[in-house]
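Single-structure report; data block below.
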Amino acid sequence: MVLDAVSGELICSNCGFVVKDRIEETGPEWRSFSDDQKADRSRTGLPTSVAQYDMGLSTVIGPSGKTVSGNMRTTVERMRTWDRRSQAHSTDRNMRRAFSELRTFAEKLSLSEEAVERAAYIYRKAMERGLVRGRSITTIIAASLYASVRDLSIPRSLKEVASVSALKRKDLARDYRLLVRELDLKMPIADPARSVPKIASKAGVSEKARRTAFEILARAKEAGISSGKDPMGLAAAAIYIASVLEGEKKRQKDIAKAAEVTEVTIRNRYKGLKVALGI
DNA sequence: TAAGATAAGAGGGACAT
DNA sequence: ATGTCAGTCTTATCTTA
């Protein structure tokens, strides 16, 4: 039994059985922040509200006019100082806000510190390349997070990331591709087998059937019908077939729901697998 | 009721113009 | 850059066992 700190799943090291999916909290060792970040966090507090964020940035306070005098003067002076500072540190502010969002999203997806750090790294790169300019922080940070999980082969779908970040799948996908293209990210191809434990445990499929599903996917790979297909759909179909083969038939509907694909997709993959593997 | 079939529409990659 | 093409996935609806 091993805790996969990366994907946030408690997994049997032998069979891949997911004992508990989406573990919320297991102690400080894999969900603790470094001292630096702790400091950052406590200083930042709750996620910066949109209303608060732009104060002092969107409006530049000009040189003091003649109309300002008396004790108003010191106030204006102070405001101007703040103004300058916040501009000088606008990158910091941007980062802080971005990372604050990142934490929120990662938390909702039960992602490990490693995934968060990878995402933060990618986001920094994106900033350096000026990819954030003209786009929202949210969309780039979410895309960075998705890129991070893809890079680490953690089974989280575009759909899931889009949902926790309140983005449309389409927009997230576009910015993810932007990152991959502009930053020359080398992503491992998504392996359907990675998604099997997750789907299987959600759908309540036995260990035996999971292993069968793994075999089906391995053979599908051999047969070369895996490329270009949605890995989730492929994994879902394999699990469906496995459940039938093992005599514990689940409904396509339930597996579709667990994998977040449609029944039709399962049927299409299922059809292909059937002919390719002679089942 | 579950599963198969069919059709229309969206979004993106490959490739040509 | 822009357009076309083939392939995938989604939603919706109808049919079949």
Side-chain angles (χ1 to χ4, degrees), chain A residues 122 126 129-131 134-136 138-140 142-151 153-196 198-200 202-206 209 212-213 216-279:
Chain A
I122 294 168
R129 291 275 275 138
L131 301 178
R135 279 175 266 264
S136 78
T138 303
T139 192
I140 300 300
S144 301
L145 183 58
Y146 179 68
S148 164
V149 300
R150 280 296 299 273
D151 192 27
S153 296
I154 300 167
R156 294 289 183 277
S157 65
L158 268 176
K159 210 180 213 171
E160 290 173 298
V161 178
S163 128
V164 301
S165 56
L167 293 169
K168 286 180 184 144
R169 200 202 94 110
K170 170 181 55 163
D171 298 328
L172 178 60
R174 196 195 326 108
D175 289 334
Y176 163 69
R177 282 193 303 276
L178 175 82
L179 292 184
V180 172
R181 197 178 341 113
E182 296 299 321
L183 302 179
D184 283 320
L185 302 178
K186 301 291 178 226
M187 294 300 178
I189 48 121
D191 182 2
R194 286 269 186 174
S195 303
V196 168
K198 185 176 164 185
I199 300 170
K202 267 198 209 171
V205 174
S206 78
T212 306
I216 291 170
L217 289 174
R219 285 166 63 196
K221 206 172 182 178
E222 298 268 321
I225 57 167
S226 316
S227 69
K229 311 291 197 302
D230 175 10
M232 282 293 212
L234 210 49
I239 289 172
Y240 173 70
I241 294 172
S243 81
V244 174
L245 253 39
E246 298 299 336
E248 52 179 76
K249 191 164 193 238
K250 298 286 180 207
R251 287 176 308 171
Q252 291 178 358
K253 188 181 171 190
D254 296 326
I255 296 180
K257 200 165 139 200
E260 296 189 294
V261 298
T262 63
E263 297 169 64
V264 177
T265 297
I266 290 185
R267 289 199 272 269
N268 288 336
R269 291 304 125 249
Y270 162 68
K271 227 185 309 180
L273 287 172
K274 206 161 64 171
V275 297
L277 308 179
I279 297 172

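Chain naming here is simple, since letters A, B, ... match the order of the sequence lines and numbering starts at 1 in each.
In this structure, A:Leu234 and A:Leu273 approach most closely via the heavy-atom pair O-CD1, 4.5 Å. A:Leu167 approaches A:Thr139 most closely through the heavy-atom pair CD1-CA, 3.7 Å. The minimum heavy-atom distance linking A:Ala237 with A:Arg269 is given by the pair CB-CB, 3.4 Å.
Counting only distance, with no hydrogens or angles, the side chain of A:Arg219 and the backbone of A:Leu277 share a donor-acceptor pair below 3.5 Å.
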Each nucleotide of nucleotides 3-8 of chain B classed B (base within 4.0 Å of a protein heavy atom), S (only sugar-phosphate) or -, in 5' to 3' order, makes SBB---
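Contact check for A:Ile266 versus A:Glu263: no side-chain heavy atoms found under the 4.5 Å cut-off.
Rounded to whole Å, atom P of C:dT10 lies 16 Å from atom NZ of A:Lys257.
Ion pairing between A:Lys159 and A:Glu260 fails under the 4.0 Å rule for side-chain N and carboxylate O.
Among the protein residues, A:Gly228 comes within range of the sugar-phosphate backbone only, with heavy atoms under 4.0 Å from sugar or phosphate atoms but none that close to a base.
The salt bridge (charged side-chain N to carboxylate O under 4.0 Å, His left out) pairs that include a residue from residues 229-247 of chain A are A:Lys208-A:Glu246, where partners are two or more places apart or lie in different chains.
A heavy atom closer than 4.0 Å to some atom of DNA chain C occurs in no member of residues 166-193 of chain A.
Checked by atom type, the side-chain pair A:Thr265/A:Thr262 shows a donor-acceptor distance below 3.5 Å.
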